[in-house]
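Just so you know, these numbers use all the heavy atoms, side chains as well, and skip hydrogens, waters and symmetry mates.
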Amino acid sequence: MMATVGSVARILGPRGLMPNPKLGTVTSDLSSILKELQGGRIEFRNDKTGNIHAGVGKASFSEEQLLDNLKSFAESVLACKPAHIKGEFVKSAAISSTMGPGYRIEPKAVEALVGTSY
């Protein structure tokens, strides 16, 4: 399967969009991937400056659904904190719509949402 993607590798590779079997973006088991994606699998990567970008909802979601998604995202990010890092792991946070203004969130509010201190 990777051989068929090789023709566009020069375009996708430098952008960080190349499919990777380790990340689960290339698989032959469609049923398990579909279940994970429909169940709310969260994928995120940080960019060169340490910022994390991820979608947590759509305009059609209710407030409860958005809050649940934000909580799940915050839990998964905070769970990735390496043990050797001391001090603040999240230095700042912001939320915005796709084309709207961003609103800053206090990092302590993110930890309070999750319910634990990292």
Side-chain angles (χ1 to χ4, degrees):
M1 187 175 295
M2 290 299 291
T4 58
V5 180
S7 62
V8 292
R10 289 185 183 161
I11 299 167
L12 297 177
R15 295 181 185 174
L17 300 174
M18 187 69 181
N20 186 347
K22 291 180 183 177
L23 298 176
T25 54
V26 177
T27 183
S28 58
D29 188 14
L30 286 177
S31 62
S32 66
I33 286 292
L34 287 176
K35 285 180 185 176
E36 286 180 11
L37 291 174
Q38 290 173 344
R41 176 177 159 181
I42 299 174
E43 291 183 6
F44 59 89
R45 291 183 3 183
N46 61 334
D47 59 12
K48 294 177 185 177
T49 59
N51 296 323
I52 298 175
H53 305 273
V56 293
K58 298 182 179 185
S60 61
F61 285 11
S62 68
E63 288 182 25
E64 294 82 22
Q65 289 174 320
L66 287 172
L67 196 58
D68 284 343
N69 287 352
L70 186 61
K71 183 177 179 180
S72 302
F73 174 69
E75 285 175 351
S76 60
V77 168
L78 293 175
C80 292
K81 177 182 178 181
H84 67 276
I85 292 185
K86 303 293 181 201
E88 291 182 357
F89 186 59
V90 177
K91 298 196 184 224
S92 65
I95 190 167
S96 71
S97 63
T98 303
M99 297 296 288
Y103 296 100
R104 293 192 182 271
I105 302 172
E106 291 290 326
K108 298 296 180 191
V110 174
E111 291 178 3
L113 176 69
V114 174
T116 58
S117 178
Y118 283 89

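- Applying the side chain to side chain contact (heavy atoms under 4.5 Å, CB included) rule to Thr98 yields no partners; only residues at least two apart in sequence or on another chain are considered.
- Residues Phe89 and Pro107 are not in side-chain contact: their nearest non-hydrogen atoms beyond the backbone lie 4.5 Å or more apart.
- Asp47 CG to His53 NE2: the interatomic distance, rounded to the nearest 0.5 Å, is 4.5 Å.
- Scanning all heavy atoms of the two residues, the minimum distance from Asn69 to Gly57 falls at ND2-CA, 4.3 Å.
- In terms of heavy-atom proximity, Ser96 sits nearest to Gly102 at CB-CA, 3.5 Å.
- Of all heavy-atom pairs between Ser76 and Cys80, the closest is O-SG, 3.2 Å.
- Annotation for Gly87 and Lys81: closest pair O-NZ, 3.4 Å, computed over non-hydrogen atoms.
- For Gln65, the CD atom is densely surrounded, since the number of other residues' heavy atoms within 6.0 Å is greater than 12.
- Contacts of Pro101 classified as side chain to side chain contact (heavy atoms under 4.5 Å, CB included), with partners at least two apart in sequence or in another chain: Tyr103.
- Closest approach of Ile52 to Phe73, counting heavy atoms only: CG2-CZ, 3.7 Å.
- Annotation for Leu66: hydrophobic cluster partners, listed by chain and number, are Phe61 (ILVMFWY side-chain heavy atoms under 4.5 Å, direct or chained).
- Contact detail for Lys71 and Leu113: the closest heavy-atom pair is CE-O, 3.6 Å.
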